[in-house]
Amino acid sequence: MDYYVKSFSELSTKEFYEIAKLRIAVFVVEQTCPYQEIDAYDEQAVHIWMQERQTIIGYTRIIDQDTTVTFGRVIIHPDHRGKKLGNQLLEKTLAVIKTQMPDKPIVISAQAHLVDFYGTYGFVPVSDVYLEDDIPHIRMRKERQ
């Protein structure tokens with residue numbers, strides 16, 4: 001399995017197409033959540049993905065928000081779930097943040113059912129549960145070490 005870390009301008013058209021295809025398949029179709037999946041943050045983001053041969057099997061994007069950093073669109077391809085790949089992807093994401101955006105707290109909008117998962121990485125809830133695109137979410141924060 002290979003990992004890739006690229007800014008938007010470094011992505012090939014084919015890479016962005018494959019990323020968008022996976023994101024739409026899961027976040028719009030699988031989760032039955034019609035919303036503007038491709039957005040202005042894509043141009044600002046650092047894109048991270050795991051690839052096996054020609055298939056993107058995991059993806060996330062990191063966005064520097066000046067005083068904080070966030071990541072989102074965390075996804076594992078449906079055919080590759082249940083293999084702890086989410087842990088690998090999150091560890092890689094946190095390593096990139098530590099290298100490229102050190103000393104900034106990380107604030108995320110996590111799907112509420114993933115509180116314990118993110119909690120094992122030092123994230124703590126900082127909000128009540130709220131609906132984002134009709135899916136329960138919670139804001140979580142991790143202080144830089």
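The figures that follow rest on heavy atoms only: side chains count, while hydrogens, waters and symmetry mates do not.
Here the shortest heavy-atom pairing between Pro125 and Ile138 reads CB-CD1, 3.6 Å. Listed here is the closest heavy atom pair of Ile108 and Thr70: CA-OG1, 3.8 Å. Pairing each heavy atom of Gly119 with each of Met140, the nearest pair is N-CE, 4.2 Å. In this structure, Thr60 and Gly72 approach most closely via the heavy-atom pair OG1-O, 2.8 Å. The shortest heavy-atom contact between Gly58 and Ile76 is CA-CD1, 4.0 Å. Listed here is the closest heavy atom pair of Tyr35 and Cys33: CD2-O, 2.9 Å.
Side-chain contact between Phe27 and Ile24: absent, with no pair of heavy atoms (C-beta onward) separated by less than 4.5 Å. When side chains are defined from C-beta on, Gln51 does not count as touching Met1, because their heavy atoms never get closer than 4.5 Å. Considering only heavy atoms from C-beta on, His77 comes within 4.5 Å of Leu22 through its side chain. At least one side-chain heavy atom of Leu85 sits under 4.5 Å from a side-chain heavy atom of Ile57. The closest side-chain heavy-atom distance from Met50 to Asp2 is not below 4.5 Å. Side-chain contact between Arg61 and Ile48 is absent, with no heavy-atom pair separated by less than 4.5 Å. Annotation: side chain of Gln31 is in contact with side chain of Ile135 (closest heavy-atom distance under 4.5 Å). For the pair Glu18/Lys14, a side-chain contact is recorded, criterion being any heavy-atom separation below 4.5 Å from C-beta on.
Of the N and O atoms on the side chains of Ser7 and Glu10, at least one donor lies less than 3.5 Å from an acceptor on the other residue. For the residue pair Ser12 and Tyr17, no side-chain donor N or O sits within less than 3.5 Å of a side-chain acceptor on the partner.
For the atom pair OG of Ser109 and CZ of Arg139, the computed distance is 5.5 Å after rounding to the nearest 0.5 Å. With rounding to the nearest 0.5 Å, the separation of CG in Asn87 from NZ in Lys92 is 15.5 Å. Going from atom CG of Asp133 over to atom CD of Gln111 covers 10.0 Å, rounded to the nearest 0.5 Å. One finds the OG1 atom of Thr68 at 10.0 Å from the CD1 atom of Ile63 (value rounded to the nearest 0.5 Å). We find the OG1-CD distance between Thr93 and Gln88 to be 11.5 Å, quoted to the nearest 0.5 Å.
In the hydrophobic cluster analysis, where Ile, Leu, Val, Met, Phe, Trp and Tyr join through side-chain heavy atoms closer than 4.5 angstrom, Tyr41 is grouped apart from Phe8. Hydrophobic clustering (ILVMFWY, side-chain heavy atoms < 4.5 Å, transitive): Val46 and Val107 are in distinct clusters. Linking Ile, Leu, Val, Met, Phe, Trp and Tyr whenever their side-chain heavy atoms come within less than 4.5 Å leaves Ile75 and Val115 in two separate clusters. Hydrophobic clustering keeps Ile62 apart from Ile56 (ILVMFWY residues linked when any side-chain heavy atoms are closer than 4.5 Å, directly or through intermediates). At a threshold of 4.5 Å between side-chain heavy atoms, the hydrophobic network of Ile, Leu, Val, Met, Phe, Trp and Tyr places Val26 and Ile19 in one connected group.
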**Request:** Show your reasoning for whether side chain to side chain contact (heavy atoms under 4.5 Å, CB included) applies to Tyr118 and Ile106.
**Result:** CA-CA 12 Å; Tyr118 288 114; Ile106 305 168; over 6 Å; no

**Prompt:** Stepwise, does the ring-ring contact (aromatic ring centres under 6.0 Å, His included) test hold for Phe117 with Phe123?
**Reply:** CA-CA 9 Å; Phe117 172 72; Phe123 287 87; 9.3 Å; no

**Request:** Assess whether side chain to side chain contact (heavy atoms under 4.5 Å, CB included) is satisfied between Val96 and Phe71, documenting all intermediate values.
**Result:** CA-CA 11 Å; Val96 170; Phe71 62 85; over 6 Å; no

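Using a 4.0 Å cut-off between charged nitrogen and carboxylate oxygen, Glu30 and Arg81 count as a salt-bridge pair. The existence of a salt bridge linking Asp39 and Arg73 is confirmed by a sub-4.0 Å separation between a basic side-chain nitrogen and an acidic carboxylate oxygen. Between Lys104 and Asp64 there is a salt bridge, since a side-chain N of the basic residue sits under 4.0 Å from a carboxylate O of the acidic one.
By the 6.0 Å contact criterion, CG on Asp79 is enclosed, its count of non-hydrogen atoms from other residues, nucleotides or ligands being greater than 12.
A ring-ring contact (aromatic ring centres under 6.0 Å, His included) with Trp49 holds for exactly one of Tyr3, Tyr59, Tyr4; it is Tyr4.
Taking the six-membered ring where the residue is Trp, Phe16 and His47 present perpendicular rings, their angle passing 60° and hence far from 30°.
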